[in-house]
Amino acid sequence: MTLRPNSPEARDAAYHMHSYTNARALEKDGPLVLESGEGIRVTDNNGKTYIEGMAGLWSVGVGFNEKRLVDVAAAQMSKLPYYHNFSARSHGPVIDLAEKLVSMAPVPMSKVFFTNSGSEANDTIVKLIWYRSNALGLPKKKKIISRNRGYHGVTALSASLTGLVNNHRSFDLPFPGILHTTCPHYWKEGQEGETEEQFASRCAADLEAMILAEGPDTVAAFIGEPVMGAGGVVVPPATYWEKIQEVLAKYDILLIADEVICGFGRTGKMFGSETFGIKPDIMTMSKQITSSYFPFSAFMMNDRVYQPIADESDKIGVLGHGYTGAAHPVGAAIALENLKIIEERDLVGNAAAMGAIMRKGLDDLTGSPLVGESRGVGLIAALELVAPEGMEIPAGQLGAKMAGYMLENGLISRAMGDALAFCPPMIITEAEVKEMLDIASKSLEQLTAEILG
């Protein structure tokens, strides 16, 4: 397409380099420019309105234009617009939030460390694990095991944890000492004749074999999302997390639950760790902690993790790590109000109820010759497209085309290869779920007509 001179699209293409975007394609076609949002919908600069089926980036839990969050942000801006937590400084909102988060934790936690994004949080976690190993006199115990298709961020270190090839290609990643084990996607990774539980056992056996090959005294931690998000909304098979935790306990390896997408209700429980019986040593949190009204993240650690770190900071005289914007008073105030809204309106319960309707509707689409699998839990799901028997279609092409049809029809999704994600704001109603499903069904019909004629 030709960009209209001096239009917002043309100006954006001229000056703005985007995340997760083909830069040359953007120069040619320009971006979709959004100007406003209300509830589960956003509106572009041409007046077209869309259902935001991805809640932004898996994150706007309470919906767009929630006045309580706007008001609390303005009030905090007028009182204390900024302060840090370096050198033993603090402020009311972050004290209240740290206490609140520890009280909400599904397993006993000791301390909260604040950062600005999920990527920063996971990056910091690895640094502190290395710090802890040195404090314990275990200088070799530094390796971190992640999973293929896992997503843990995009800083150099957190991108190394991420198990997606395009987060590594041409970046000289992953770093040494970051390993990736089997992705727990039974539909893709299961072997012929293998039950789900047998597959879960094989995943655990693969992890144990990797630990033994590397040397248990060199492996410090394992990181995983309760449900994988950007890797395609991968829901682990029954008994998977139980078996993984048995292996980790056997070799004294810390467990990090990356709750950046799953946390604060997305899986139909407050945390994904509750949904799957995970008992982590560390929990990463971002996205829905403020419904992304403010860049904000945190992680909680138990006493097993905290005490050696505290001892080492005392020995050295300082914990030499922190961020200017971390523990921001405005972000903390928004997070506190956001969590109040989630609890007062029972958005966790709503996510469970509306998620069941959404997943049933997506299951109903699996009769299409273009659909290989529908999967999900709570209010997060994916529809995986496949080429019809006897046809060869490049990987990712069906997903991109389907996402394009849905956008034309007024629904924003995200294609992860050939998997289409559905992760709407947790305020969504039954009527809105059905509207979203109707658009998905219509778009699938259009794609089918294009591919099969």
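For the single chain, residues carry numbers from 1 onward in sequence order.
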Whether over 12 other heavy atoms sit under 6.0 Å from [X] [atom1]:
| X | atom1 | result |
| --- | --- | --- |
| Asn22 | CG | yes |
| Lys142 | NZ | yes |
| Lys269 | NZ | no |
| Glu99 | CD | no |
| Lys340 | NZ | no |

Would you say [Y] and [X] are linked by a side-chain donor-acceptor pair, where the criterion is simply a distance under 3.5 Å?
| X | Y | result |
| --- | --- | --- |
| Thr290 | Asn338 | no |
| Asn167 | Tyr20 | yes |
| Gln446 | Asn409 | yes |
| Ser297 | Ser117 | no |
| Glu38 | Asn65 | yes |
| Asn116 | His328 | no |
| Asp206 | Thr181 | no |
| Glu66 | Tyr293 | no |

Criterion ring pair (Phe, Tyr, Trp, His ring centres under 6.0 Å) on Phe199 and Tyr240, from CA distance to verdict | CA-CA 8 Å; Phe199 173 60; Tyr240 171 82; 7.8 Å; no

Could you walk me through whether Asp123 and Ser158 pass the side chain to side chain donor-acceptor pair (under 3.5 Å) test, one step at a time?
-> CA-CA 5 Å; Asp123 192 294; Ser158 63; 5.1 Å; no

Return yes if some donor-acceptor pair links the side-chain N/O of [X] with the main-chain N/O of [Y] below 3.5 Å, else return no.
| X | Y | value |
| --- | --- | --- |
| Tyr323 | Phe114 | no |
| Glu225 | Gly150 | no |
| Tyr82 | Val330 | no |

Do the non-hydrogen side-chain atoms of Val94 and Ser90 ever get within less than 4.5 Å of each other?
->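 A side-chain contact under 4.5 Å exists here.
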
Could you walk me through whether Arg24 and Glu27 pass the salt bridge (Lys or Arg N to Asp or Glu O under 4.0 Å) check?
-> CA-CA 5 Å; Arg24 294 299 185 207; Glu27 291 172 3; 3.0 Å; yes

Atom of Leu57, atom of Arg414 and distance for their closest heavy-atom approach |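 Heavy-atom minimum between the residues: CD2-NH1, 3.9 Å.
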
Identify the heavy atoms of Arg359 and Ala381 that sit nearest to each other, and give their distance.
->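 Nearest pair, atom of Arg359 first, then Ala381: CG-CB, 4.2 Å.
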
Candidate list Glu384, Arg147, Glu373, test side chain to side chain donor-acceptor pair (under 3.5 Å), partner His185, passing option =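 Only one option passes, and that is Glu373.
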
Take Lys360 and Asp364 through the salt bridge (Lys or Arg N to Asp or Glu O under 4.0 Å) test and state the conclusion after the steps.
-> CA-CA 6 Å; Lys360 170 63 168 61; Asp364 289 345; 3.0 Å; yes

Ser292 OG to Leu69 CG distance, which is reported to the nearest 0.5 Å |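 Rounded to the nearest 0.5 Å, the OG-CG separation comes out at 11.0 Å.
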
Which of parallel (below 30°), tilted (30 to 60°) and perpendicular (above 60°) describes Trp241 and Phe222?
->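 Ring orientation of Trp241 relative to Phe222: perpendicular.
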
